[in-house]
Amino acid sequence: MTLQPIQAPAFRTLRSQWMIGVALIGLFAQPALAAETDGGPQKGEVSQEELDNSVLLPSLSMAGASENSVVITNDTSATATITRKDIERRPSGFILNGVIKRLPGVYTGGGPGEDKDLRLRGLDKEYSRLQVDGIQLPGGGEKREFNLDILPNALIGSVTVIRNAPAEFEADGLVGRVHVETRAIPEEQQIDADIALGGTKFGSDDGWGGSFAYGNRFGEHFGFQGAVSYVDEPNIKSKDKLTAAGLLSSREVEDKPTKRFAIDLDAGYFWEGGEFHIRPKYLSSPEDKFKTAFAYKITGTTVMSTPV
């Protein structure tokens, strides 16, 4: 048996017949499609009957206003700020530590009954720094930190926590820093006075505090504002030791009152091209510490205590 190849003319004939068949199918299908579309609404259109039965509603326009404002900034560092309005609206005491703890990611600490160390992101106080009007104040803490319990908030305008500080700041604030800006000298006379009294046991460990602030502009070029703050805060704590039987064997009572006195001044000279300020501060926070230790003995049925 011999196989012969298909000749080229036969292949061309079959191809021509197939193309003619496709053309004929399209020719007969076109009138059918036209018959379906003529005389009725196409897809997406509304018929005249539906238009006649429809009800035309009046147009309604709404206008609103939002209290929230969007601020676009080129600052790449993450920040959170408390303004003077927030400080006056919420009870924050007379010292900076009562204001700064309201910022997210910020908490304060110290010894038992004390609240003076700045800590960010859960790290120790040595990794955080505080600056006032762009100047990092020297601190007297054991790790160069600035204690928050000596800076009054009478002249504080805003407090901002800066995370991932850019290169313009010093490198020792590893986890971030807190920037405090003082209040601007008011255009008109302004007087603020506050006083508070409180304690846990009335008559024994009461504390009180007060502040007075004054600001005004004198003429076109000069302005002044100042604040005086005083806080008397008691701090009494005790430590007990028990025997294996659960009896009291010794007790230590520590009395560590703190008296904070601060004077904050701001004298400014203004001209068309800028302003010049002199801002002296006096901060005093002496601490007196008294400790009394008692030892307890059981003689018969009597428990005796003697100061040590």
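Here the structure is a predicted model, which is why all the values come from computation and not from measurement. Because only heavy atoms are used, hydrogens play no part in the values below, and waters and symmetry mates are left out as well, while side chains stay in.
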Can you measure from [atom1] ([X]) to [atom2] ([Y]) and round to the nearest 0.5 angstrom?
X: Phe218; Y: Gln189; atom1: CZ; atom2: CD; answer: 8.0 Å
X: Glu181; Y: Leu155; atom1: CD; atom2: CG; answer: 13.5 Å
X: Asp264; Y: Gln225; atom1: CG; atom2: CD; answer: 8.0 Å
X: Ser249; Y: Leu242; atom1: OG; atom2: CG; answer: 6.5 Å

Taking C-beta and beyond as the side chain, do [X] and [Y] meet within less than 4.5 Å on heavy atoms?
X: Pro280; Y: Ile278; value: yes
X: Leu283; Y: Pro152; value: yes
X: Ser211; Y: Asp192; value: no
X: Asn153; Y: Val159; value: no

Who passes side-chain contact (heavy atoms from CB on, under 4.5 Å) against Glu220, sequence neighbours left out?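 By the side-chain contact (heavy atoms from CB on, under 4.5 Å) rule, Glu220 matches no residue at all.
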
Can you list everything that forms a side-chain contact (heavy atoms from CB on, under 4.5 Å) with Ile135? Sequence neighbours excluded, please.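 So Ile135 forms no side-chain contact (heavy atoms from CB on, under 4.5 Å) with any residue.
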
By the rule that ILVMFWY residues connect when side-chain heavy atoms come within less than 4.5 angstrom, directly or transitively, which residues belong alongside Ile195? none

Given a cutoff of under 4.5 Å between side-chain heavy atoms of I, L, V, M, F, W and Y, with clusters grown through shared members, what are the other residues clustered with Phe290?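 Its cluster partners, ordered by chain and number, are none at all.
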
Thr83: side-chain hydrogen bond (donor to acceptor under 3.5 Å, both in side chains) partners, not counting sequence neighbours: Asp86

Identify all side-chain donor-acceptor contacts of residues 268-276 below 3.5 Å with residues at least two apart in sequence or on another chain.
unit_1 : atom_1 : unit_2 : atom_2 : d
Glu275 : OE2    : His277 : NE2    : 2.7

Assigning hydrophobic clusters by single linkage (Ile, Leu, Val, Met, Phe, Trp, Tyr; side-chain heavy-atom cutoff under 4.5 Å), is Ile87 placed with Ile185? no

Starting from the C-alpha separation in whole Å, work towards a yes-or-no answer on side chain to side chain contact (heavy atoms under 4.5 Å, CB included) for Ile95 and Leu148. CA-CA 7 Å; Ile95 308 300; Leu148 304 176; 6.0 Å; no

With side chain to side chain contact (heavy atoms under 4.5 Å, CB included) as the test, would you mind laying out the steps for Ile156 and Val99 before giving the verdict? CA-CA 10 Å; Ile156 291 178; Val99 177; 5.5 Å; no

Decide side chain to side chain contact (heavy atoms under 4.5 Å, CB included) for Arg119 and Tyr127; before the verdict, give the C-alpha distance in whole Å, the side-chain angles of both, and the deciding distance to 0.1 Å. CA-CA 8 Å; Arg119 298 173 184 178; Tyr127 299 103; over 6 Å; no

Answer yes when Arg217 and Glu187 have at least one side-chain N-carboxylate O distance shorter than 4.0 Å, and no when they do not. yes

